[in-house]
There are 2 protein chains.
Amino acid sequence: MRSAVLPEQTAGSRPTLEAVAARAGVSRATASRVVNGGAGVRPPLVDKVRRAVEELGYVPNHAARTLVTRRNGAIAVIIAEPEFRVFSDPFFEQQVRGISRELIAYDAQLVLLWVEGPGDHSRIARYLGGGHVDGALAFSLHHDDELPSVIRRARVPAVFGGRPFLPGGDGEPRVPYVDADNRGGAREAVRRLVSLGRTRIAHIAGPRDQTSALDRIAGYHDVLLDADPELIRQGDFTAESGARAMAELLEHRPDVDAVFAGNDLMASGALRVLCERGRRVPQDVALVGFDDMRTVVETVDPPLTTVRQDIEGMGRLMVRLLMRVLDDHGANGSRTGSPASVITPTTLVVRASA
Amino acid sequence: MRSAVLPEQTAGSRPTLEAVAARAGVSRATASRVVNGGAGVRPPLVDKVRRAVEELGYVPNHAARTLVTRRNGAIAVIIAEPEFRVFSDPFFEQQVRGISRELIAYDAQLVLLWVEGPGDHSRIARYLGGGHVDGALAFSLHHDDELPSVIRRARVPAVFGGRPFLPGGDGEPRVPYVDADNRGGAREAVRRLVSLGRTRIAHIAGPRDQTSALDRIAGYHDVLLDADPELIRQGDFTAESGARAMAELLEHRPDVDAVFAGNDLMASGALRVLCERGRRVPQDVALVGFDDMRTVVETVDPPLTTVRQDIEGMGRLMVRLLMRVLDDHGANGSRTGSPASVITPTTLVVRASA
DNA sequence: CTCGGCCGAGAGAGCGCTCCCATGATCCGA
DNA sequence: TCGGATCATGGGAGCGCTCTCTCGGCCGAG
């Protein structure tokens with residue numbers, strides 16, 4: 001229950017609305033109106049107040065405002081430690097950037113919540129429950145992640161990045177999310193390989209406890225209805241796992257003539273193994289990745305054909321979706337129909353590898 | 001002057017201190033005392049209040065508390081867009097993690113401020129000036145970055161990561177910073193090369209508008225007092241620039257027998273060029289980097305000898321330093337002597353390349 | 001037994017703001 | 001010229017909390 005032990009702030013008493021009002025020769029109420037847009041105040045007074053604000057260097061006290069309006073103009077972005085590749089992963093960089101940019105448009109602040117291991121959830125819950133933020137954005141998590149339930153219990157409006165594993169339908173409230181069309185993208189990737197005349201198309205799958213990986217597997221099966229199970233190998237989204245999977249593949253199915261990797265990192269690992277074993281890409285084996293990670297896709301040889309998603313756009317969408325949820329909550333008091341999730345399209349980017 | 005346009009928060013009126021007090025059968029003042037540690041309240045009452053808090057699920061209203069205490073338990077971390085490699089750069093990941101962890105210890109929140117280009121400074125200034133945060137952490141910037149002056153004008157206590165370019169001494173208040181011992185680290189690196197019997201030791205320097213690069217150059221000169229200017233080449237901390245610099249070096253000074261690169265990325269570029277030109281590392285040319293970036297150092301062949309800095313520790317130190325600054329401000333009203341900056345030690349990590 | 005001192009608890013002010021409501025001023029049509 | 005509607009303005013309550021100040025009860029000392 002103890003709280004912030006931070007020492008007192010220094011800023012030598014900033015001017016208050018009262019001071020502005022006095023200087024402008026109006027009441028505090030009028031000054032407040034002007035500061036908040038100036039609707040319903042006659043121009044001359046608006047000017048006077050504006051000038052007073054300028055001269056005094058007045059900046060509204062956020063705490064006081066929050067106290068009465070019950071909104072605080074801040075959104076939490078929750079990053080779970082298990083996914084701490086977040087920062088090294090350009091995926092997150094772009095997503096957070098999109099979020100940041102969009103939040104600026106809404107004049108809202110980004111509060112970064114970094115979950116330090118499972119024991120840290122109570123801290124997050126406390127913070128979320130403390131009403132410090134108007135809403136939360138979290139990222140798609142693993143199957144057994146408690147974060148969704150922590151967020152739900154804190155009763156804070158939230159939007160997920162990436163489709164979360166959720167009970168789905170047994171009375172649990174659905175949390176809206178923004179995700180790329182992983183399944184459709186995977187279909188496009190595999191169709192590309194089919195159109196090249198490949199018949200033994202393998203898939204190096206991502207970890208089964210992430211929906212993105214599952215969806216990509218599903219897309220693969222959509223096109224290859226009766227795919228040989230032996231052609232599907234398990235990876236974990238790292239380059240090494242891609243290399244391992246490729247090695248297995250070549251061992252069990254040396255006749256493989258195409259590979260759809262669950263992401264670019266795994267594709268790069270697979271590519272390395274293919275080179276080592278003397279297979280030419282794309283002549284002997286065609287290769288498609290997923291994500292269009294700049295740092296990978298163009299530095300490998302040959303450049304990787306892959307599926308692109310608008311990551312920054314997804315970040316922006318998360319914010320917009322959250323704002324809509326908050327609007328609904330505010331307006332009707334309760335849910336205005338379940339807020340729809342958004343699936344953003346993907347595009348196949350053809351380079352040399354397939 | 002318009003502010004957050006966020007819709008109203010949903011949380012159905014949470015219990016107030018008043019409610020807790022009523023339930024515990026004490027006054028609001030006593031309840032407050034208990035919530036804030038319980039000093040000077042007799043045990044039976046403490047228990048009663050604690051129980052009431054528990055039962056009601058009371059969480060203090062942050063805004064109300066901030067309003068009266070003038071402290072808000074939040075620290076801004078400012079990231080400038082020009083440096084947007086921040087997220088892809090593991091350096092920042094670790095630094096931010098250190099900051100995040102240390103802030104948790106102080107029960108403070110991390111507010112992420114992302115500067116979106118130069119025009120965005122006014123927004124940052126407004127936010128900082130708005131008293132939303134108790135202090136700020138910013139990262140070492142380029143020579144002409146306005147951020148330091150923006151922060152100064154906002155009169156928010158701040159600590160920099162990396163030594164900033166500051167006028168230094170002409171009346172400007174010194175901003176404390178945390179930096180690695182770049183100069184000492186560079187000396188160690190060069191001494192290593194000297195100890196290997198190398199006599200024509202080159203330096204691929206980082207951009208001159210960053211103090212870290214300048215300090216490393218200085219360290220190089222500390223050891224090689226009369227270094228041939230031709231042995232010093234300019235890079236910009238990217239792998240490509242390292243490759244370019246190495247190519248130049250080989251052209252002008254084919255007799256070069258050692259290279260100290262300003263960072264690991266440039267070292268990796270140099271390494272690539274050395275291989276291409278048939279120079280063996282370390283036999284023909286010994287190579288040392290700087291940073292000990294995991295993703296580079298062990299994946300290149302041969303593994304890179306480099307200089308390691310405790311990046312997460314630097315993040316933590318930034319927080320601790322800031323807290324000390326805040327303490328001083330709070331206690332004495334004004335500066336209790338200039339707060340000292342901290343230079344953290346570096347260590348030479350010897351691998352195969354030198 | 002009385003009185004000063006001390007300590008624990010409550011009363012109440014007030015942090016800076018927004019917003020409801022009352023109050024004048026203004027303006028229209030009759 | 002006057003009444004009622006309209007609109008800009010000010011007064012004032014109160015958001016939830018902390019903190020000072022006061023008060024009352026208990027103690028030990030005289």
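Treat the numbers as computed from the prediction; the structure is a model and nothing was measured. Lettering of chains follows the sequences in order, A, B, ..., and the numbering in each one begins at 1.
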Checking only heavy atoms, does the side chain of A:R28 share a donor-acceptor pair with the base of C:dT18 at less than 3.5 Å?
yes
Kindly say whether A:V59 contributes a backbone atom to a donor-acceptor pair with the side chain of A:R14 at under 3.5 angstrom?
yes
For A:G73, is there any backbone N or O sitting under 3.5 Å from a side-chain donor or acceptor partner on A:D134?
yes
May I have the distance from A:E18 (atom CD) to D:dG10 (atom C1'), rounded to whole angstrom?
12 Å
DNA chain C: B:V68 or A:V68, which has the more 5' nearest nucleotide?
B:V68
Residue mapping more 5' on DNA chain C - nearest nucleotide basis, B:L45 or B:A64:
B:L45
Establish, with yes or no, whether the OP1 or OP2 oxygen of D:dT18 is under 4.0 angstrom from a side-chain nitrogen or oxygen of B:R70.
no
Looking only at C:dA9, C:dT18, D:dC17, the nucleotide nearest the B:Y58 side chain is D:dC17
Starting at atom CG of B:N72, determine the distance to atom C1' of C:dG16, rounded to an integer number of angstrom.
14 Å
Could you state the atom-to-atom distance from CZ of A:R14 to C1' of C:dC17 in whole Å?
12 Å
Would one find more than 12 heavy atoms of other residues, nucleotides or ligands at under 6.0 Å from atom CD of A:E54?
no
Starting from P on C:dG10, measure out to CZ on B:R42 and report it in whole angstrom.
10 Å
Side chain of B:L67, heavy atoms from C-beta onward: which of D:dC17, D:dT9, C:dG16 has the nearest atom to it?
C:dG16
N/O donor-acceptor pair, side chain A:R33 with base D:dG10, under 3.5 angstrom
yes
From CG of A:N36 across to P of C:dG16 the rounded distance in Å is 17 Å
B:N61 side chain near D:dC15 phosphate (N/O to OP1/OP2, under 4.0 Å):
no
Phosphate-side-chain proximity, B:S32 and D:dC17, N/O vs OP1/OP2 below 4.0 Å
no
Rounded to whole Å, the NE2-P distance (B:H62 to C:dC17) equals 18 Å
First encountered from the 5' end of DNA chain D, between B:T16 and A:T30:
A:T30
Is there a donor in the side chain of A:S32 and an acceptor in the side chain of A:R28, or the other way round, less than 3.5 Å apart?
no
For D:dT9 and A:S27 - does any side-chain N or O of the residue sit under 4.0 Å from the phosphate oxygens OP1/OP2?
no
The side chain of A:A29 lies closest to which of these nucleotides: D:dT18, D:dG16, D:dG11?
D:dG11
Which nucleotide in the list D:dG10, C:dG10, C:dG16 gets nearest to the side chain of A:V26?
D:dG10
Nucleotide of C:dT18, D:dT18, D:dG11 approaching B:T69 most closely (side-chain heavy atoms):
D:dT18
Evaluate the side-chain hydrogen bond (donor to acceptor under 3.5 Å, both in side chains) criterion for residues B:S149 and B:R153: first the C-alpha distance (whole Å), next the side-chain angles of each, then the deciding distance (0.1 Å), finally the verdict.
CA-CA 6 Å; B:S149 67; B:R153 263 179 280 133; 3.3 Å; yes
Taking A:H62 for the side chain and B:H132 for the main chain, is one N or O donor matched with an acceptor at less than 3.5 Å?
no
Among D:dG16, C:dT18, D:dT18, which is the nearest nucleotide to the side chain of B:R65?
D:dT18
